[in-house]
Amino acid sequence: MYSTVAQLARTNPFNAPHFQLGQECVTLRKKNTPEIQPVRHLAAAATVDEEYSCAYGSAKFFALCGFGGIISCGTTHTAVVPLDLVKCRIQVDPQKYKSIFNGFSVTLKEDGVRGLAKGWAPTFIGYSMQGLCKFGFYEVFKILYSNLLGEENSYMWRTSVYLAASASAEFFADIALAPMEAAKVRIQTQPGYANTLRQAAPKMYAEEGIWAFYKGVAPLWMRQIPYTMMKFACFERTVEALYKYVVPKPRSECSKSEQLVVTFVAGYIAGVFCAIVSHPADSVVSVLNKEKGSTALEVLKRLGPKGVWKGLTARIIMIGTLTALQWFIYDSVKVYFRLPRPPPPEMPESLKKKLGLTQ
């Protein structure tokens with residue numbers, strides 16, 4: 001399977017003038033169709049003379065992208081555990097935790113400062129695994145789907161490629177996340193149930209078996225797949241728009257620091273939309289993991305149209321900041337390891353000729 005993906009990756013359609021594929025080795029098939037044996041002459045967008053540490057779409061590329069996902073998701077989600085804890089408590093007990101500030105105040109009175117860190121271990125482990133799958137598989141599926149469509153179609157339908165690739169990646173990422181998410185919610189929303197992952201996991205297994213860890217996977221898909229689709233598609237198109245309409249010079253002339261600022265801004269914009277589209281499902285997940293024997297549909301009916309939007313303000317702040325930091329860290333990892341970072345896609349010359357845009 002990998003050989004197929006790697007072969008497809010060598011002709012990735014997200015090329016631009018700063019990412020040239022040498023086409024010296026062109027052979028003609030029997031149908032007179034050029035078959036390109038690409039020889040890469042890659043030049044970094046920020047530093048033209050710098051060489052990459054690996055080829056775009058290689059095994060090393062995917063592995064380092066996955067590592068970047070671990071760092072970006074694991075660290076950022078752990079950093080906002082206090083806000084996440086208050087958000088979950090507002091969702092499952094709005095009578096007691098009436099707002100963000102009230103939630104923090106009540107939590108501090110009852111549990112002290114240490115109480116705000118409840119659930120940090122399952123958060124770090126779970127979201128590290130999710131980040132590995134989310135970012136690593138996104139790069140795999142983006143290359144795969146782009147090459148299945150071909151250069152022209154992948155440009156015209158690039159938003160659909162981003163949506164399909166991110167949804168596919170998140171499907172697997174949520175399976176990796178589900179057990180730790182279930183433990184985290186139990187620790188954060190059920191006072192006295194458990195204070196640590198080591199206490200929560202055996203107790204959950206004894207009560208409900210393995211189902212305790214995966215009963216929330218379907219609501220997780222409901223929450224995370226739309227979230228991730230928005231996260232990647234909105235980010236990719238926002239970056240494209242920023243370089244086209246806001247940044248006063250081409251990306252090739254921007255320093256790496258300037259490129260990372262664009263990444264952060266685009267990430268925050270994407271994060272706000274992510275929080276809104278995924279919040280109702282997030283409310284269902286929080287309540288479902290707190291209660292025994294409930295189903296997602298029962299929780300949804302009980303919460304009602306207003307109840308599913310409880311805690312939205314906290315989540316917008318949390319997810320906006322989270323998403324911006326995740327993209328910033330992920331792009332920084334790519335810069336540090338000198339991974340190929342294709343610029344926003346440009347219309348292929350062949351498509352320009354078809355549309356009469358060239359002389």
Side-chain angles (χ1 to χ4, degrees), residues 1-2 4-6 8-15 19 54-77 126-149 154-155 157-178 220-221 223-240 263-264 266-267 269-271 273-274 277-278 319 322-335 337 339-345:
M1 177 180 176
Y2 166 70
T4 303
V5 174
L8 290 170
R10 295 191 185 99
T11 55
N12 93 87
F14 295 94
N15 55 7
F19 281 76
C54 61
Y56 182 69
S58 64
K60 183 179 179 181
F61 174 81
F62 292 134
L64 289 175
C65 285
F67 178 68
I70 290 174
I71 296 176
S72 66
C73 291
T75 56
T76 52
H77 276 277
Y127 283 93
S128 293
M129 294 301 97
Q130 188 211 36
L132 169 68
C133 299
K134 186 198 298 271
F135 283 94
F137 285 155
Y138 173 71
E139 299 289 356
V140 172
F141 285 117
K142 184 171 76 169
I143 290 173
L144 181 62
Y145 295 157
S146 296
N147 284 279
L148 288 174
L149 287 174
S154 64
Y155 174 80
W157 296 90
R158 60 193 182 280
T159 302
S160 298
V161 170
Y162 304 147
L163 292 170
S166 56
S168 301
E170 189 60 38
F171 177 84
F172 296 102
D174 289 342
I175 295 172
L177 169 64
L220 264 181
W221 284 327
R223 181 188 82 183
Q224 290 296 131
I225 289 179
Y227 164 86
T228 302
M229 291 170 73
M230 182 65 72
K231 175 178 181 174
F232 283 87
C234 184
F235 172 80
E236 298 268 19
R237 294 309 298 259
T238 302
V239 167
E240 189 176 334
T263 295
F264 184 86
I269 293 171
F273 288 101
C274 289
V277 301
S278 62
I319 296 299
L322 257 172
T323 307
L325 287 173
Q326 283 174 5
W327 277 114
F328 182 83
I329 293 169
Y330 179 66
D331 218 22
S332 297
V333 169
K334 282 188 168 184
V335 169
F337 287 108
L339 299 182
R341 298 164 59 237

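Along the sequence shown, residues carry numbers from 1. In this text the structure is predicted, and so the values were computed from the model without any measurement. What's counted below: heavy atoms across the whole structure, side chains too, no hydrogens, waters or symmetry copies.
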Closest non-hydrogen atom pair between Leu149 and Ser154, with its separation: CB-N, 4.0 Å
Nearest atoms (heavy-atom pairs only) where Lys334 meets Cys65: CE-SG, 3.9 Å
Distance (rounded to the nearest 0.5 Å) between Leu325 CG and Thr263 OG1: 12.0 Å
Heavy-atom closest pair, residues Phe62 and Gly57: CE1-O, 3.2 Å
Distance, nearest 0.5 Å, that separates OG1 of Thr76 from CD1 of Ile319: 9.0 Å
Euclidean distance, Arg223 CZ relative to Cys274 SG, rounded to 0.5 Å: 12.0 Å
Interatomic spacing from CE in Met129 to CD1 in Ile70 - rounded to 0.5 Å: 5.0 Å
Close side-chain approach of Leu132 and Phe67, heavy atoms under 4.5 Å: no
Euclidean distance, Ile269 CD1 relative to Phe264 CZ, rounded to 0.5 Å: 11.0 Å
Minimum heavy-atom distance between Tyr330 and Gly68, given as atom pair plus value: CD1-C, 3.8 Å
For Lys60 against Cys54, the heavy-atom pair lying closest together: CD-CB, 3.8 Å
Considering all heavy atoms, the nearest Pro226-Val277 contact: O-CG2, 4.0 Å
Worked verdict on Thr323 versus Phe273 for side-chain contact (heavy atoms from CB on, under 4.5 Å): CA-CA 10 Å; Thr323 307; Phe273 288 101; over 6 Å; no
Salt bridge (Lys or Arg N to Asp or Glu O under 4.0 Å) partner of Glu236, the single match among Arg158, Lys142, Lys231: Lys142
Parallel, tilted or perpendicular: ring planes of Trp327 versus Phe135, cut at 30 and 60 degrees: perpendicular
Parallel, tilted or perpendicular, as decided by the 30° and 60° cut-offs, for the rings of His77 and Tyr127: parallel
Residues, nucleotides or ligands: over 12 heavy atoms within 6.0 Å of Trp221 CH2: yes
Identified side-chain contact (heavy atoms from CB on, under 4.5 Å) counterpart of Ser166 within the set Phe232, Phe235, Phe171: Phe232
From Ser278 atom OG to Leu220 atom CG, the distance as rounded to the nearest 0.5 Å: 11.0 Å
Within 6.0 Å of CZ in Phe337, more than 12 heavy atoms from elsewhere: yes
Tyr138 and Thr228: side chain donor to acceptor below 3.5 Å: no
